[in-house]
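Beneath this line is the structure, given in structure tokens, with notes to follow.
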Amino acid sequence: MLKNDIPVIKLRWYAWALAVVLLLAGAVTLGVFGGFNLGVDFESGLSQRIQIAPVGLEVTYSGNKDAVLAISGSALSLEFRGEEGVSATSFRSQAYPTAKDLAAALNAVPEVTATAVDGSLNTADLLSGYGFPATLGETPTKLNFQGTGTSTIEDVRSALASLGNVKVQTVGSSENQTFQVRLGIKDGANQVSMEEEVKNALASFFGQGNVVVLQSDYIGPKFSATLLSSSILAIVVAMALILLYVWIRFRFAYAASSLIALLHDILMMLTAISILRLEFNSTTIAALLTIIGYSLNNTIVIFDRVRENVELNKSAALAKQIDLSVTQSVSRTIMSALTTVVAILPLAVFASGDIQLFAINMMFGILFGTFSSNFLAPSMLYWISKAQKKQTAVVEAK
């Protein structure tokens, strides 16, 4: 317990000034960048995660059965399906450490022909991309391996420059040679035609078969518009229910204060997302709704303490009651924030994709939520309560 109360009411102008400055910075950034870095969920088009990786093997099959090649981890499996049943063979990297070894093993299978394009590649680096498991035929099926190339994001942008408005981001470290490519919908285009355009453009720049599509998503204009409106509706409904809940549990001043604090949290998260150019997608909406619940819980705890203190000592000034209540709750609030941050920090650092994005958004949300529940919501409660008291005094004087 602190020896002296935290002067929340005395510091209220500084707290709100800081919030306003940060919000203005976010608005300026949003204007400079021309909006959020929208994900494919909200910006219709094609999104692909690609990896620049050399071809190590080419495999063909001339038999009458269905021959299916699959990659799981560093193991390659070959499955035959015929009238007599299904038979499968697994080729593990420990037994066949190089592409040359794997080609020799595959060539021992009847009617299968494997050509080692680069026999020195390590089979532990086999990549499974879009199109796998693959059905073998007379047209060679190409097997790619994790490379050690030096292709840059500028190379990928140059390769796709002819397609128009294409956005490219690096995924993970540069050694992975992995990139996220997003392409807006063109008139008359569909998923198949857009995937073909990207494939041909990359093949002409990096060489045929040297690019693996790890993931491919296509969002139509109608779906993205519906998702955006549904997301906004979800946030509005959540805020309305919170207003109603706090109003019933406490009174209007508490409800309005908590709602304004939550609005601050949402805007501050959007500011951080805008400044850092984080992708804004459906995962961001999930993080926003989660933070609304997290921040409200902290605010409710503090407001509960304010109400108790006011009832215990009705003669004390509201400002002192608020300072005392925040001080009494601050250790619990900080511990709650720290334990949550410790839990999600590994995800923010070591995870990737949407999980990492969710964790990063949550960390900003916890920071802003802790700030607003301790400074902004109590000071707003002070202002609204003071205004209501003045209004009541005026009505009684009449």
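Quantities reported herein were computed from a predicted structural model and do not represent experimental measurements. Position 1 is the first residue of the sequence, and the numbers go up from there.
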Look only at the side chain of [X] and the backbone of [Y], and say whether a donor-acceptor pair between them is shorter than 3.5 Å.
X	Y	answer
S373	S295	no
S329	V326	no
Q356	A351	yes
Q51	Q146	no

Test side chain to side chain donor-acceptor pair (under 3.5 Å) applied to Q388 and R251, step by step
CA-CA 12 Å; Q388 286 181 322; R251 56 187 175 86; 3.2 Å; yes
With heavy-atom distances below 4.5 Å as the criterion, would you say the side chains of S379 and W13 are in contact?
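Result no, sub-4.5 Å side-chain heavy-atom pair not found.
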With side chains defined as the heavy atoms from C-beta onward, is the minimum distance between T271 and L30 less than 4.5 Å?
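No. Closest side-chain heavy atoms not under 4.5 Å.
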Per-pair distances, 0.1 Å, donor-acceptor, side chain in residues 75-83, under 3.5 Å, sequence neighbours excluded:
residue, atom, partner, partner atom, Å
E79, OE2, R81, NE, 2.5
E79, OE2, R81, NH2, 2.8

Please determine whether the number of non-hydrogen atoms from other residues, nucleotides or ligands lying under 6.0 Å from atom CZ of R92 exceeds 12.
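No - once you tally the heavy atoms of other residues, nucleotides and ligands closer than 6.0 Å, there are 12 at most.
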Which atom names give the shortest non-hydrogen contact between N374 and P378, and what distance separates them?
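Distance-wise, the nearest heavy atoms are O-CG, 3.5 Å.
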Does this structure show an ion pair linking K320 with D323, if we count only N-O contacts that are shorter than 4.0 Å?
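Salt bridge flag = no for D323 with K320.
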Applying side chain to side chain donor-acceptor pair (under 3.5 Å), run through N64 and E111 and close with a yes or a no.
CA-CA 9 Å; N64 297 322; E111 299 173 312; 5.8 Å; no
Per the ring pair (Phe, Tyr, Trp, His ring centres under 6.0 Å) rule, what does the pair list look like for residues 143-184, sequence neighbours excluded?
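For residues 143-184: none.
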For Q48 and Q180: C-alpha separation, side-chain torsions, deciding distance, then whether side chain to side chain donor-acceptor pair (under 3.5 Å) applies.
CA-CA 6 Å; Q48 287 192 330; Q180 190 76 33; over 6 Å; no
Between S47 and D217, is the side chain to side chain donor-acceptor pair (under 3.5 Å) condition met? List the steps.
CA-CA 5 Å; S47 176; D217 297 311; 5.1 Å; no
Between W16 and W383, what is the ring plane arrangement, given parallel below 30°, perpendicular above 60°, and tilted in between?
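Aromatic pair W16/W383 classed tilted.
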